[in-house]
Student: 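Okay, here's the structure, questions in a sec.
Chain A is the first sequence line, chain B the second, and so forth, proteins listed ahead of strands; every chain is numbered from 1.
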Amino acid sequence: MHLVLRRVDGGVLATPLTDAGTAQGEPIRVDEPRLPAFIASRDAPDVRWVWDDTARWYPAVLAAGGRVGRCTDLRLCRRILRSALSARGSALAAAPVDGWDTVVQEARVARPTHARLFDDALFDVSPPDDESDPVAELRAQLDAVSGSDAPGALRLLLTAESAGALVAAEMFHAGLPWRADVHERLLEDALGPRVPYGVRPRRLEEIAAVVRERLGDPSLNPDSPADVLKSLRRAGLMVTSTRKWELQEIEHPVIEPLLEYKRLARLLTANGWTWLDEWVQDGRFHPKYLVGGVVTGRWAADGGGAMQLPKLVRPAVVADEGWKLVVADAAQLEPRVLAAMSGDRAMAAAGDGRDLYDGVVASGAVETRQQAKGAMLGAMYGATQGEGGRLVPRLARAYPDALGLVERAARAGERGEPVTTLLGRTSPVPEASWFEARNQAYAVEGTPAMQRAVESRARSWGRFTRNFIVQGTAAEWALAWMGSLRSRLAERFPGPVTEGPHLVFFVHDEIVVHAPAEHAEWVAEQVRAAAADAGRLLFRDFPVVFPLSVAIVDDYGAAKD
DNA sequence: GACGAACGCCAC
DNA sequence: AAACGTGGCGTTCGTC
């Protein structure tokens, strides 16, 4: 059954509906402060909580030590359904833009201000009523799914997306264990004693002096790429930028200290003392995850650069005393997903029981693992040049089904058509000007230059759609993986989230679980079992495996990539 | 001073 | 080797 929550008349109304969305008993009125207790009392395996935004309802439940099993996040599901190709005939797809399409404001945890402390209104902390009707929205979404070309796949996608929203809220609640003292020691070892913002740390100052001296440029500002480029060229070095890869090609005494300067300056500005002060409180880093924040369905994060935690600072992620971190990442996830979604048995077999790239080498398609990896990434990204681009045709001969699928996605994108992931998430189409430019370039007034420009844009969009189907389906696998793991952990440890093993970090194909040491091995088994669950959910009995590398460690830095 | 483009690095 | 996907984010530097 569904329990649909809505704020009305200063309280919360919970409307029970059947799985099909029809009425099932009287709506129940709950006062806002009693909501966590109400949810705890009514949560059950067959209950699905329905709300507009998980981030607006779930934090209070978690703060009270509760949790829920399943939910429907209407706003996330609306976003998927609105654009889904398989539901394009639905009333939902045809409806005009309304409040459900717009980004919602932050969840406000109402706190009485000083001025209100002696006010009668002290306990009147309820958020305002909701304007939109979640019952009507749920019904519209259920109709869109049941009337679609692929109800099963869409249902699974919406379930996975909503489970992701629960995971994201729980990870935000728990936070990533972060030892500020370890981080500070790391910074001090690398940069020298802490300095105020805007002051160059001692070690950086020393390296800057060496760089200036070796370039014979006493006034050089090493933080200015333009300044550095000018100085390098004055010294006779033929470089076109100050990018790391370009500098690495050069033989000159200044290169080594310059690269070291850039490395440390990056540490200072991206994850230095300022970052530590801003993002780590009480031993936890609380990044806000944006479920489906990337167009392909991948997650994004808001603030703190959570999805790009440099390897350099990962040693500061340390499990609590008596706890461990279980770090797991899926090996060659995207090629395996591509093999499965395209039904390419030869490619799936290449990854059976071994590193998939080793299997590609064993098949004779290419000679080295590096070549296999370069060619595979090239096939999924649309490489045309370099070694990757050169080897793609050899891969195409060995794995015609897999390569054919991404090739067709690229062609569709070049024509301006949408493509879809396995479960039905649909890519956007280019904006109107893209089509207008194309029409103009091939009309009588079109010039060869216009045609070249248009074709270049078309190929670029084709690379996007080519990658979309693989990256997006891999994101669906990852959602299923996390969702299954979450259920497995909750089943054995039903208490408050942070009292048992719980997810604390996620980056595309990698998860970190914070677990009591005595349960770490059990958690590692569950993580592997959940990966197998995800494979079956998406690809049923297709013979593809999703091996993980799993490490049980005290700190994240100790988990080798 | 605010803003945004360009640059460059980090993650997957 | 440096083109080939999705992003976040901090700095410099030019413009308004």
Student: Write down the distance between CD (E246(A)) and P (dA1(C)), rounded to a whole number of angstrom.
Tutor: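 That distance rounds to 15 Å.
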
Student: Using a 4.0 Å cut-off on protein heavy atoms (strictly under), produce a 5'-to-3' string for nucleotides 9-16 of chain C with B for base contact, S for backbone-only sugar-phosphate contact, and - for none.
Tutor: SSSSS---

Student: Side chains of T54(A) and D73(A) only: does a donor on one sit below 3.5 Å from an acceptor on the other?
Tutor: yes

Student: Do any side-chain nitrogens or oxygens of K288(A) fall under 4.0 Å of OP1 or OP2 in dG8(C)?
Tutor: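 For dG8(C), OP1/OP2 do not have a side-chain N/O of K288(A) under 4.0 Å.
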
Student: Can you pull the side chain to side chain donor-acceptor pair (under 3.5 Å) pairs that have at least one residue in residues 256-265 of chain A, sequence neighbours excluded?
Tutor: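 The answer is R200(A)-Y261(A), D223(A)-Y261(A), E260(A)-R263(A).
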
Student: Output the rounded distance in Å from CD1 (I511(A)) to C1' (dC12(B)).
Tutor: 15 Å

Student: Return the set of residues passing side-chain contact (heavy atoms from CB on, under 4.5 Å) with A209(A) (not counting sequence neighbours), or none when no residue passes.
Tutor: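 Expected list: none.
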
Student: Provide, to the nearest angstrom, the distance between the OH atom belonging to Y289(A) and the P atom belonging to dC12(B).
Tutor: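 Answer to the nearest Å: 13 Å.
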
Student: With A330(A), which residues qualify under side-chain contact (heavy atoms from CB on, under 4.5 Å), at least two apart?
Tutor: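 L333(A), W477(A), D509(A), L548(A).
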
Student: For L290(A) and dT6(C), give me the distance from atom CG to atom C1', rounded to whole Å.
Tutor: 14 Å

Student: For DNA chain B, find the residues of residues 452-475 of chain A with a heavy-atom distance under 4.0 Å and give them by number; none if there aren't any.
Tutor: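 Listed by number, there are none.
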
Student: Pull out every residue in residues 160-189 of chain A that has a heavy atom closer than 4.0 Å to any atom of DNA chain B, ordered by number, or say none.
Tutor: none

Student: Work out which heavy atom in V280(A) is nearest to a heavy atom in W275(A); give both atom names and the distance.
Tutor: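 Result for this residue pair: CG2-CZ3, 3.8 Å.
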
Student: With heavy atoms under 4.0 Å as the rule, sort L309(A) into base, sugar-phosphate or nothing.
Tutor: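 Since only primed, P, OP1 and OP2 atoms lie under 4.0 Å of L309(A), the category is sugar-phosphate.
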
Student: Would you name the heavy atoms of N271(A) and P310(A) that are closest together and state the gap between them?
Tutor: OD1-CG, 3.2 Å

Student: Taking atom C1' in both dC12(B) and dC4(C), compute the distance separating them and give it to the nearest angstrom.
Tutor: 15 Å

Student: What is the distance from CG of D329(A) to P of dC12(B), rounded to the nearest Å?
Tutor: 8 Å

Student: For DNA chain B, which residues in residues 372-406 of chain A have a heavy atom at a distance below 4.0 Å?
Tutor: none

Student: CG of L333(A) versus C1' of dA11(B): gap in Å, rounded?
Tutor: 15 Å

Student: Looking at every non-hydrogen atom in both residues, tell me the closest pair between V291(A) and G164(A) and how far apart they are.
Tutor: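 Heavy atoms only, the tightest pair is CG2-O, 3.8 Å.
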
Student: Find the distance K244(A):NZ to dC7(B):P and express it as a whole number of Å.
Tutor: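 After rounding, the reported distance stands at 19 Å.
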
Student: Return the stems involving DNA chain C, sorted by first number, where pairs are Watson-Crick (N1-N3 with N6-O4 or O6-N4) or G-U wobble (N1-O2 and O6-N3), both under 3.5 Å, and runs are 3 or more long.
Tutor: B:1-12 with C:5-16

Student: Checking P225(A) now: which residues fulfil side-chain contact (heavy atoms from CB on, under 4.5 Å) with it, not counting sequence neighbours?
Tutor: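 side-chain contact (heavy atoms from CB on, under 4.5 Å) list for P225(A), sorted by chain: T242(A).
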
Student: Which residue pairs satisfy the side chain to side chain donor-acceptor pair (under 3.5 Å) criterion with at least one member in residues 170-182 of chain A, sequence neighbours excluded?
Tutor: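 For residues 170-182 of chain A, and leaving out neighbouring residues, the side chain to side chain donor-acceptor pair (under 3.5 Å) pairs sorted by first residue read Y58(A)-E170(A), E170(A)-R486(A), W178(A)-H183(A), R179(A)-D181(A).
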
Student: State plainly whether the residues R438(A) and E431(A) are in salt-bridge range, i.e. N to O under 4.0 Å.
Tutor: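 No, no charged N to carboxylate O under 4.0 Å.
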
Student: Using a strict cut-off of less than 4.0 Å between a Lys/Arg side-chain nitrogen and an Asp/Glu carboxylate oxygen, indicate whether D533(A) and R488(A) qualify as a salt bridge.
Tutor: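 Answer for the salt bridge query: yes.
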
Student: May I have all residue pairs that pass side chain to side chain donor-acceptor pair (under 3.5 Å) and include part of residues 453-465 of chain A, sequence neighbours excluded?
Tutor: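 Of all non-adjacent pairs touching residues 453-465 of chain A, those that pass side chain to side chain donor-acceptor pair (under 3.5 Å) are Y442(A)-E455(A).
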
Student: Answer with yes or no whether R243(A) presents, from its side chain, a donor or acceptor under 3.5 Å of a partner atom in the base of dC9(B).
Tutor: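 Checked by distance alone, the answer is no.
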
Student: With sequence neighbours excluded, tell me which residues meet side-chain contact (heavy atoms from CB on, under 4.5 Å) with E206(A).
Tutor: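 R202(A), R203(A).
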
Student: Quiz question: by atom type and distance under 3.5 Å, do the side chains of D401(A) and S342(A) form a donor-acceptor pair?
Tutor: no

Student: When you measure from the centre of the six-membered ring of F546(A), is the NZ or CZ of R336(A) closer than 6.0 Å and no more than 45° off the axis?
Tutor: no

Student: Between R425(A) and E161(A) (salt bridge meaning N to carboxylate O under 4.0 Å), is one present in this structure?
Tutor: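 Answer for the salt bridge query: yes.
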
Student: Examine dC9(B): is either OP1 or OP2 under 4.0 Å from a nitrogen or oxygen in the side chain of K262(A)? Give yes or no.
Tutor: yes

Student: Show your reasoning for whether side chain to side chain contact (heavy atoms under 4.5 Å, CB included) applies to W273(A) and L268(A).
Tutor: CA-CA 7 Å; W273(A) 293 286; L268(A) 173 69; 3.8 Å; yes

Student: Nearest whole angstrom, please: distance from the C1' of dA2(C) to the CD of E249(A).
Tutor: 8 Å

